There are 2 protein chains.
Amino acid sequence: MAFMTENQPKKPSKSDRTRAQILEAARLLFAEHGYEGTSIRDVAAHASIDPAMVIRYFRSKDELFARAAVVDLQLPALRVIDRNAIGETLIRRFLEIWEGPASGPGMAILLRSATSNEFAAEKLRDVFGNQVRPVIATVADPADAGRRAGLVSSQLLGLAMCRYLLRLPPVVALSHDEIIQNVGPTLQRYAVGEA
Amino acid sequence: MAFMTENQPKKPSKSDRTRAQILEAARLLFAEHGYEGTSIRDVAAHASIDPAMVIRYFRSKDELFARAAVVDLQLPALRVIDRNAIGETLIRRFLEIWEGPASGPGMAILLRSATSNEFAAEKLRDVFGNQVRPVIATVADPADAGRRAGLVSSQLLGLAMCRYLLRLPPVVALSHDEIIQNVGPTLQRYAVGEA
DNA sequence: TGCATTTGTCAACGACCGTTGGCATATGGC
DNA sequence: GCCATATGCCAACGGTCGTTGACAAATGCA
């Protein structure tokens with residue numbers, strides 16, 4: 001084998017663990033306090049390491065944020081499910097993404113900083129264009145899939161804002177069933193409803 | 001008259017004008033770049049004045065922000081209108097607030113900073129509790145007026161995020177009529193719909 | 001005109017920030 | 001055990017920030 005310098009899937013070399021610790025601390029803090037509200041010194045303290053190491057492993061704060069702010073919504077294929085259950089399917093996946101154990105804080109990181117950080121805003125628009133819109137386009141006229149996906153996103157981002165970032169008490173108090181029953185029909189109409 | 005030290009409603013004394021200039025510059029910048037993204041030096045430059053004056057007129061950056069972030073939604077009295085037009089009335093008022101000439105950038109200031117500034121977040125929750133919720137409570141069972149107002153807010157804050165802050169292209173492209181026709185029914189159901 | 005008050009400028013402070021380079025220590029192959 | 005390398009700490013840099021106090025100019029009343 002003449003190529004050993006790239007893609008070594010084994011080797012949990014000491015540094016990989018610190019690298020992961022830094023990234024985990026960064027994701028936690030970025031999700032909770034946003035880009036400007038999180039300093040490299042904060043991240044370093046949370047990872048029990050020197051601030052200089054954060055720069056050594058990730059070249060800059062911007063690059064660290066870019067690594068932390070990766071989002072893969074893994075939206076279900078809507079075409080294969082009952083057409084009347086599209087809204088419910090979307091809102092159920094939304095709750096998994098935000099409250100499920102598997103999904104990371106990626107969306108929280110982006111949403112927390114998108115209002116004051118242009119990179120985060122652009123990344124969030126990318127998520128919309130590359131992950132939400134295409135899925136809606138499989139079940140709606142592609143000509144207005146953008147419009148429909150935009151409406152869906154407005155409801156879902158607003159719900160996330162109120163429930164997870166702003167923590168508006170009545171919205172926090174909603175049960176999963178209440179959310180599904182109330183928001184599901186909205187998404188259904190936005191995604192595949194008349195007009 | 002023995003009391004002259006308080007409440008002089010006349011007198012547009014030179015200082016009142018600079019004070020207003022500073023506040024206007026602050027509102028503009030806070031609305032566009034958020035609390036952390038706006039420095040006192042930026043505000044001073046926009047008002048063509050020395051940074052020290054900003055502190056002299058408003059005692060601190062926090063106090064300046066508090067003065068800039070006043071919001072009065074002036075929501076219409078829903079009880080006196082056609083019960084079937086409540087959703088449409090709400091979304092029309094929403095568009096006036098965000099795009100009308102009279103309303104200031106108050107909501108943009110709050111929403112822009114609410115994700116990373118606890119004071120702005122609390123202020124936004126206050127707007128919900130003192131302005132949105134009471135209006136919904138006049139047309140819905142007061143027992144779940146909070147829930148209904150929360151759902152309404154989730155849709156409206158989400159729409160504002162996507163259209164005015166994040167500037168998601170398909171949402172920016174929506175005409176007023178499209179917004180009214182699509183979001184109006186959602187608000188109608190959230191505010192006074194079944195269940 | 002003289003003078004007290006207002007209105008404004010300027011320089012600097014301490015704090016925190018991202019980032020850098022030098023130096024100590026630990027690790028792992030020979 | 002030797003030594004190159006990886007890993008980590010420390011001190012400091014240049015910069016921006018909110019804020020302060022001293023001082024200058026303008027204003028307005030006597």
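These numbers were taken from a predicted model, which means no experiment stands behind them. Every chain is numbered from 1, with letters handed out A, B, ... down the list of sequences.
Residue Thr18(A) places at least one side-chain N or O under 4.0 Å from the OP1 or OP2 atom of dG8(D). For Ser39(A), a side-chain nitrogen or oxygen approaches OP1 or OP2 of dC17(C) to under 4.0 Å.
With rounding to whole Å, Asp42(B) atom CG is found 14 Å from dT19(D) atom P. At whole-Å resolution of the value, CZ in Arg19(B) and C1' in dG8(C) are 16 Å apart. For Asp50(A) and dG21(C), the CG to C1' distance is 13 Å, given to the nearest whole Å. The interatomic distance linking Asp16(B) (CG) with dT27(D) (P) rounds to 16 Å, in whole Å. Look at CZ on Arg17(B): it is 14 Å from C1' on dA26(D), rounded to the nearest Å. When the C1' atom of dG18(C) is taken as reference, atom CZ of Phe30(A) falls 12 Å away, rounded to whole Å. One atom, CD1 of Ile40(B), and another, C1' of dA12(C), lie 16 Å apart when rounded to the nearest Å. Straight-line distance from the CD atom of Glu36(B) to the P atom of dC17(D): 13 Å, rounded to whole Å.
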When the side chains of residues 139-146 of chain B are checked against the rest of the protein, which donor-acceptor pairs come out under 3.5 Å, sequence neighbours left out?
residue	atom	partner	partner atom	Å
Asp141(B)	OD1	Ala143(B)	N	3.0
Asp144(B)	OD2	Arg147(B)	NH1	2.7

Side-chain polar contacts of residues 62-82 of chain A - donor-acceptor pairs under 3.5 angstrom, sequence neighbours left out - could you list them?
residue	atom	partner	partner atom	Å
Asp62(A)	OD1	Tyr35(A)	OH	2.3
Asp72(A)	OD1	Gln74(A)	N	3.3
Asp82(A)	OD1	Asn84(A)	N	3.0

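Checked options Leu156(B), Ile180(B), Ile86(B); the residue passing with Leu187(B) is Leu156(B) (criterion: side-chain contact (heavy atoms from CB on, under 4.5 Å)).
By the 4.0 Å N-to-carboxylate-O rule, Arg125(A) lies close enough to Glu118(A) to be salt-bridged with it.
Rounding to the nearest 0.5 angstrom, the gap separating the CD atom in Glu32(B) from the CG atom in Leu29(B) is 8.5 Å.
Lys61(B) is not listed as a side-chain neighbour of Ile55(B), based on a closest heavy-atom distance of 4.5 Å or more.
For the ring pair (Phe, Tyr, Trp, His ring centres under 6.0 Å) test, no residue two or more places apart in sequence or in another chain qualifies with Tyr57(A).
Here the side chain of Pro51(A) is nearest to one of dT19(C), dC10(D), dT9(C), namely dT19(C). Between dT9(C), dG18(D), dT19(C), one nucleotide has an atom nearer to the side chain of Arg41(A) than all others, and that is dT19(C).
Ser48(B) comes within contact range of no nucleotide atom at all, as no heavy-atom separation falls under 4.0 Å.
In the hydrophobic clustering, Leu28(B) connects to no other residue, as no ILVMFWY side-chain heavy atoms lie under 4.5 Å from its own.
For the residue pair Thr186(A) / Gln155(B), no side-chain donor-acceptor distance below 3.5 Å is found, with atom types taken as modelled.
Note on the helix from dG2(C)-dC29(D) to dC30(C)-dG1(D): terminal axis deviation equals 10°, with five pairs used at each end and the result rounded to 10°.
Of the residues in residues 53-70 of chain B, those placing a heavy atom less than 4.0 Å from an atom of DNA chain C are Met53(B), Arg56(B), Tyr57(B), in numerical order.
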